[in-house]
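Take a look at the structure below.
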Amino acid sequence: MRWRSFLTIALLVPLIVGLQSPNAIQLSAQDAEPDEIESIMDDMTLEEKVGQLFIVHVYGETPTDPNYEEENLENDRGGKNFQEVIENYHPGGVIYFNWSDNIGMPANLSQVNALSNGIQDIAMDDGSSIPMFVSTDQEGGIVARVTEPATTFPGNMAIGATGSSAYAEQSAEILGEELKKLGINMNFAPTLDVNVNPDNPVIGVRSYSEDPALVSDLGLSQIQGFESEDVIATAKHFPGHGDTDVDSHYGLPIIEKDLDTLLQEDLPPFKDAIDHGIDAIMPAHIVVPALDDSELPATFSEPILTDYLRGELGYDGLIVTDSLGMSGADVMPEEEVPVEAFKAGVDVLLNPPDVDLAYNAMLDAVQNGEISEARLDESVYRILDQKMEQDLFDDPYADPEAVDEIGNEDNLQLAEDMTDDSITLVKNDDDVLPLDYDTELLVTGPESGKPELLSDLLLDAESYETSDSPTETEIEEAVSLAENKEMVVVPTSSAHLDDEQQNLVTALQDTGTPVVVAGVGNPYDIAEFPDVDAYLTTYGDQDISIASLAKALTGEVNPQGELPVTIPEHYDFSHGLSYKIDTVNIAQLVDLFEETGGLENDEAVHALQRHLTAVGHYENQGEAEKVINHMEGFTHLLDQQLANEWISEEAYETLMDRADDVIAEWQ
């Protein structure tokens with residue numbers, strides 16, 4: 001990076017003037033010919049330099065939104081709107097959230113684009129005319145600020161279940177492309193945490209896997225995808241948040257590991273990202289005694305950030321704190337938080353809970369000498385260098401017309417294919433799956449598992465939605481409904497961490513009705529009720545994941561995913577089942593598509609069923625060559641029906657895939 005030349009000059013100055021510490025460095029025009037960034041810095045006031053260190057959130061849909069003025073003032077945003085905050089504090093960037101109404105759900109794409117462009121307009125008119133980092137958390141999966149009508153993805157652990165670096169890179173390319181069209185140039189992703197603790201309440205499916213090598217492979221692929229779209233990627237949460245049962249949003253996790261274990265389990269993905277040249281790294285609000293015995297979180301640890309990350313690992317990019325409003329950062333008086341994090345080695349102070357307090361604490365620390373101007377300049381240089389690398393000084397704006405390309409058909413299809421391929425069938429006793437299309441079903445479970453949506457996607461299904469932790473009354477009602485059904489499907493949401501969800505599944509099992517559980521949160525739920533008849537996992541509760549789950553239940557999708565984690569004492573890493581597809585399954589799908597409109601021509605339906613009946617005869621006789629030949633004839637029949645427009649694209653693709661399964665089974 002270009003800032004290295006700046007640091008080389010800075011580090012030589014003490015030798016020349018006899019100073020003892022880099023903190024006392026003072027740069028001047030006599031030291032070297034200033035480059036472009038140094039020239040910009042020469043024109044900046046101290047107040048502007050301090051402002052560059054901050055990325056803040058502001059409520060509102062527009063830069064001067066009058067509807068959020070009181071809310072911004074009450075929540076210590078430093079002004080009534082984006083414009084006032086930028087003019088008052090000159091922040092280096094902003095961060096978008098859904099709860100701050102910067103991005104709606106669903107997203108108003110033109111509104112977000114206009115907000116980003118308006119913010120850049122204000123920044124370019126302010127003081128030294130420095131463009132902004134416009135940032136958000138767009139990991140994909142359960143942490144995604146931009147959702148429909150943009151392209152949504154199933155998330156990191158779902159990608160881990162596919163094992164596909166191509167999917168990882170393609171998904172990041174699409175996420176990056178769509179963010180850039182919204183004027184968002186910095187993404188706090190990917191998550192490189194290695195999730196080795198099933199009880200982890202904050203990472204879980206945000207991790208690709210428990211395997212460091214797989215996390216590295218998929219993480220680097222996503223980093224490359226973001227970079228290809230000129231969006232800054234941020235590796236988080238250094239040195240690894242995957243082995244904790246405490247959420248740093250609400251508490252302070254302590255990682256009780258020795259250094260050798262950290263080096264084997266947690267650090268390899270970050271080391272690989274550094275070797276690749278990652279632009280930004282986010283440390284975690286976690287205590288790591290193996291690297292620093294001070295009992296301070298990594299956010300405030302000079303041994304972790306300066307000595308180890310910068311010194312030992314040789315990292316020279318931006319260090320960006322996690323949100324300073326999280327409980328994990330609440331370990332000292334609020335005015336000391338930004339100062340101590342900066343002194344530890346960070347460059348960017350993300351989302352302080354009180355903008356004015358944090359800004360003035362930093363300004364005072366520089367003015368009173370607690371932080372040297374040389375140390376301030378070091379981080380400001382890195383920040384400006386990164387903005388220069390992103391060409392933000394040349395053009396920080398996003399084309400308003402480009403939003404029409406977001407969520408296009410190709411992007412949506414890739415996301416659907418990836419999600420279909422991620423569904424993992426863990427258990428399937430007595431081949432209860434795939435379902436017969438006319439099975440009378442009850443779909444019941446916690447609201448977060450989206451049982452109503454799943455029910456709508458299945459035929460002959462009644463739904464009963466409970467609270468996220470089902471009450472005794474709700475469990476009794478679910479049991480009463482289940483007793484009159486042929487099967488129960490329960491979409492659970494991290495039930496391994498919720499006793500009431502476990503009680504619901506156990507009570508349903510006691511009815512004697514077959515129970516299929518679909519884990520739509522963390523994949524570990526089956527450990528709490530290992531005797532269920534079947535178990536699938538989606539690694540996420542997004543609508544796209546529920547849609548793929550429905551297709552897997554009916555056999556429209558033959559599950560291909562493999563567990564990227566171990567389910568302790570039950571299932572090993574990489575375990576995954578698929579259906580043994582035969583003509584009976586395919587005939588059920590023909591009936592299903594006839595019922596749902598994918599096959600509207602009676603002649604087409606009868607032709608397909610006759611052909612399947614004949615193939616079924618050869619299956620029963622074990623005549624492999626005839627099965628293969630006649631199934632190939634079945635695919636030609638599908639081709640003809642597609643040409644005659646007697647079959648939908650979806651039905652055609654599904655039946656062709658299942659025909660291929662049968663052919664592969666008999667070859």
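Hydrogens, waters and symmetry mates are skipped; everything else that's a heavy atom, side chains included, is used. Treat the numbers as computed from the prediction; the structure is a model and nothing was measured.
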>> Before you tell me yes or no, could you show the steps for Glu416 and Lys551 under salt bridge (Lys or Arg N to Asp or Glu O under 4.0 Å), namely the whole-Å CA-CA distance, both residues' side-chain angles and the distance that decides it to 0.1 Å?
In response: CA-CA 11 Å; Glu416 181 180 338; Lys551 289 186 286 185; 2.9 Å; yes
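- The closest side-chain donor-acceptor pair between Tyr167 and Asp421 falls under 3.5 angstrom.
- Lys450 pairs in a salt bridge (charged side-chain N to carboxylate O under 4.0 Å, His left out) with only one of the listed residues (Asp541, Asp543, Asp468), which is Asp543.
- With hydrogens and angles left out, the side-chain atoms of Asn411 and Glu178 include a donor and acceptor closer than 3.5 Å.
- In the model, Thr596 has no side-chain atom that pairs as donor or acceptor with a side-chain atom of Tyr437 under 3.5 Å.
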>> Test side-chain contact (heavy atoms from CB on, under 4.5 Å) on Leu179 and Glu229; report intermediate values, then the result.
In response: CA-CA 9 Å; Leu179 287 177; Glu229 299 298 329; over 6 Å; no
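- With a 4.5 Å cut-off on side-chain heavy atoms, Pro451 and Thr444 do not count as touching.
- In this structure, Gln588 and Pro434 have side chains that are not in contact, with every pair of non-hydrogen atoms separated by 4.5 Å or more.
- A side-chain donor-acceptor contact under 3.5 Å links Gln641 to the backbone of Ala604.
- Here the closest non-hydrogen pair linking Ala235 and Leu192 is CB-CD1, 3.6 Å.
- With no hydrogens or angles considered, no side-chain donor-acceptor pair links Asn195 and Ser207 at under 3.5 Å.
- Residues forming a ring pair (Phe, Tyr, Trp, His ring centres under 6.0 Å) with Phe270 (at least two apart in sequence, or on another chain): Phe238.
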>> Set out, in order, the CA-CA distance, both residues' side-chain angles and the distance that settles side-chain contact (heavy atoms from CB on, under 4.5 Å) for Val516 and Leu536, then state yes or no.
In response: CA-CA 8 Å; Val516 175; Leu536 308 91; 3.9 Å; yes
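- Leu563 and Pro523 make their closest contact through CD2-CB, 4.4 Å (heavy atoms, listed as atom of the first residue, atom of the second, distance).
- When each of Val515, Asp436, Thr439 is checked for a side-chain contact (heavy atoms from CB on, under 4.5 Å) with Met487, only Thr439 meets the rule.
- Applying the side chain to side chain donor-acceptor pair (under 3.5 Å) rule to Asn113 yields the partners Asn117; only residues at least two apart in sequence or on another chain are considered.
- Rounding to the nearest 0.5 Å places OH of Tyr96 at 13.5 Å from NE2 of His57.
- With rounding to the nearest 0.5 angstrom, the CG atom of Asn522 is 4.5 Å from the NE2 atom of His496.
- For Glu210, the side chain to side chain donor-acceptor pair (under 3.5 Å) partners are Thr566, not counting sequence neighbours.
- Screening Leu655, Val662, Asn585, Val590 for a side-chain contact (heavy atoms from CB on, under 4.5 Å) with Leu612, the sole residue that qualifies is Val590.
- For Phe573 against Ser209, the heavy-atom pair with the smallest separation is CE1-OG, 3.5 Å.
- Side-chain contact, Ser493 with Ser448: a donor N or O sits under 3.5 Å from an acceptor N or O.
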>> Show, in sequence, the C-alpha distance, side-chain angles and deciding distance for Glu528 and Val505, and conclude whether the side-chain contact (heavy atoms from CB on, under 4.5 Å) test is met.
In response: CA-CA 9 Å; Glu528 306 305 325; Val505 174; over 6 Å; no
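- In terms of heavy atoms, Ser455 sits closest to Ala461 at OG-O, 3.2 Å.
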> Should Leu175 and Phe226 be marked as a side-chain contact (heavy atoms from CB on, under 4.5 Å) after you check the CA-CA gap, both sets of side-chain angles, and the distance that decides it?
Replying inline: CA-CA 7 Å; Leu175 290 171; Phe226 289 127; 3.8 Å; yes
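- By the 4.5 Å heavy-atom criterion applied to side chains, Thr583 and Phe634 are not counted as neighbours.
- Put simply, the side chain of Asn558 gets close to the backbone of Tyr579: a donor and an acceptor are under 3.5 Å apart.
- In this structure, Tyr524 contributes its side chain and Pro568 its backbone to no donor-acceptor pair below 3.5 Å.
- Distance check, rounded to the nearest 0.5 Å: CZ of Arg206 to NE2 of His237 gives 4.5 Å.
- With rounding to the nearest 0.5 angstrom, the CD atom of Gln138 is 8.0 Å from the OG1 atom of Thr147.
- Between Trp99 and Phe97, the ring-plane angle classifies as parallel under the 30° and 60° cut-offs.
- Few gaps surround CD on Glu483; more than 12 heavy atoms of other groups in view lie less than 6.0 Å from it.
- Without hydrogens or angle criteria, Lys427 side chain to Val532 main chain gives a donor-acceptor distance under 3.5 Å.
- Taking the side chain as every heavy atom from C-beta outward, Tyr208 and Pro269 never approach each other to under 4.5 Å.
- The side-chain hydrogen bond (donor to acceptor under 3.5 Å, both in side chains) analysis of residues 472-481, with sequence neighbours excluded, yields the pairs Ser467-Glu474, Thr471-Glu474.
- Separating the NE2 atom in His570 from the CD1 atom in Ile526 is a distance of 8.0 Å, to the nearest 0.5 Å.
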> Glu440 and Asn484: side chain to side chain donor-acceptor pair (under 3.5 Å), yes or no, with the steps?
Replying inline: CA-CA 9 Å; Glu440 291 188 7; Asn484 299 315; over 6 Å; no
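- You'll find the side chain of Pro491 reaches within 4.5 Å of the side chain of Val443, heavy atoms only.
- Scanning for side-chain contact (heavy atoms from CB on, under 4.5 Å) contacts around Glu500 gives Ser469, Pro470, Asp498, with sequence neighbours left out.
- What you find for Ile423 and Ser545 is that their closest heavy atoms are CD1-O, 4.3 Å.
- Ser135 places no side-chain N or O within 3.5 Å of a backbone atom of Met186 that could act as its donor or acceptor partner.
- The two residues Glu562 and Thr424 have their closest heavy-atom pair at N-OG1, 3.7 Å.
- Atom NE2 of His285 and atom CE of Met326 lie 4.5 Å apart (nearest 0.5 Å).
- Annotation: salt bridge (charged side-chain N to carboxylate O under 4.0 Å, His left out) contacts of Lys236 (sequence neighbours excluded): Asp137, Glu139.
- When atom types are taken as modelled, the side chain of Ser422 and the backbone of Thr419 share a donor-acceptor pair closer than 3.5 angstrom.
- Inter-residue side-chain proximity for Val403 and Leu182 is flagged as met; some heavy-atom pair is nearer than 4.5 Å.
- With hydrogens and angles disregarded, a donor-acceptor distance shorter than 3.5 Å links the side chain of Asn428 to the backbone of Leu433.
- Looking at heavy atoms from C-beta onward, Asp417 lies out of side-chain contact with Gln170 at the 4.5 angstrom threshold.
- Under the 4.5 Å side-chain criterion, counting only non-hydrogen atoms from C-beta, Met282 is in contact with Leu350.
- Judged by distance alone, the side chains of Thr191 and Asp193 never bring a donor and an acceptor atom under 3.5 Å apart.
- The backbone N or O of Glu61 lies less than 3.5 Å from a partner atom in the side chain of Gln111, making a donor-acceptor pair.
- Neither side chain, Thr244 nor Asn200, offers a donor N or O lying under 3.5 Å from an acceptor on the other.
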